[in-house]
Amino acid sequence: MKTFSDKVYAVVKNIKRGKTLTYKQVANLVGSPKAYRAVGNILNKNYNQNIPCHRVTRSDGAPGGYNRGRKLKVQRLKEEGARL
DNA sequence: CATTTGACGCCAA
DNA sequence: TTTGGCGCCAAAT
């Protein structure tokens, strides 16, 4: 299945440790720079453990949201040494 | 099938 | 600088 959501998963899963991408960047990589909305929506409904969605942040520098609590997200990013 | 929602982004005031 | 409003996409209701 090669749908928009699958591409999003692929991109997010492809994020390496210590690397962070913004929703806009992900949307741009999947081929729809304006689908940033959908990116967040897809990750939100598909909170998957095998997908490092905590490495996807907002362009404003805010961590954004998370399905298990933003604190955890920020904590993980800090531990991984991800920089914005 | 139509409408609403959502972890957003950018621009104008 | 902060707030408000608009635009866009996919999935859920």
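Every chain is numbered from 1 and lettered A, B, ... according to where its sequence line falls, protein lines coming before strand lines.
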Let me confirm one number: the CG-NZ distance from N67(A) to K73(A), rounded to the nearest 0.5 Å.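 Here the interatomic distance stands at 9.0 Å.
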Pairwise 5' ranking along DNA chain C for T3(A) and Y36(A), keeping only the more 5' one: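 Looking at the nearest nucleotide for each, Y36(A) comes out on the 5' side.
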Out of [options], which nucleotide sits closest to the side chain of [X]?
X	options	result
C53(A)	dA11(C), dA7(B), dG9(B)	dA7(B)
N41(A)	dA10(C), dA7(B), dA12(C)	dA10(C)
N44(A)	dA11(C), dG9(B), dG6(B)	dG6(B)
A35(A)	dA11(C), dG9(B), dC9(C)	dC9(C)
K34(A)	dA7(B), dC8(C), dA10(C)	dC8(C)

Measure the distance from [atom1] on [X] to [atom2] on [N] and round it to the nearest whole Å.
X	N	atom1	atom2	value
K45(A)	dC9(C)	NZ	C1'	11 Å
D60(A)	dT2(C)	CG	P	11 Å
R76(A)	dA7(B)	CZ	C1'	16 Å
L21(A)	dA7(B)	CG	C1'	15 Å
N46(A)	dG6(B)	CG	C1'	13 Å
N28(A)	dC8(C)	CG	C1'	14 Å
K7(A)	dC9(C)	NZ	P	13 Å

What nucleic acid atoms does A38(A) come within less than 4.0 Å of, heavy atoms only: base, sugar-phosphate, or nothing?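 The answer is base, as A38(A) lies within the cut-off (heavy atoms under 4.0 Å) of a base atom.
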Base dA7(B) to side chain Y23(A), donor-acceptor N/O within 3.5 Å cut-off: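 Checked by distance alone, the answer is yes.
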dT3(C) pairs with which nucleotide, Watson-Crick or G-U wobble, both distances below 3.5 Å?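 Its partner is dA12(B).
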Partner lookup for dA11(C), please. Criteria are Watson-Crick or G-U wobble with both distances under 3.5 angstrom; report none if nothing qualifies.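 Its partner is dT4(B).
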Is there a side-chain contact between [X] and [Y], using heavy atoms and a 4.5 Å cut-off?
X	Y	answer
F4(A)	V39(A)	yes
V56(A)	V26(A)	yes
R17(A)	R55(A)	yes
L29(A)	L21(A)	yes

Could you tell me whether the phosphate oxygens of dA7(B), OP1 or OP2, come under 4.0 Å of any side-chain nitrogen or oxygen in R58(A)?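 The answer is no; no side-chain N or O of R58(A) sits under 4.0 Å from OP1 or OP2.
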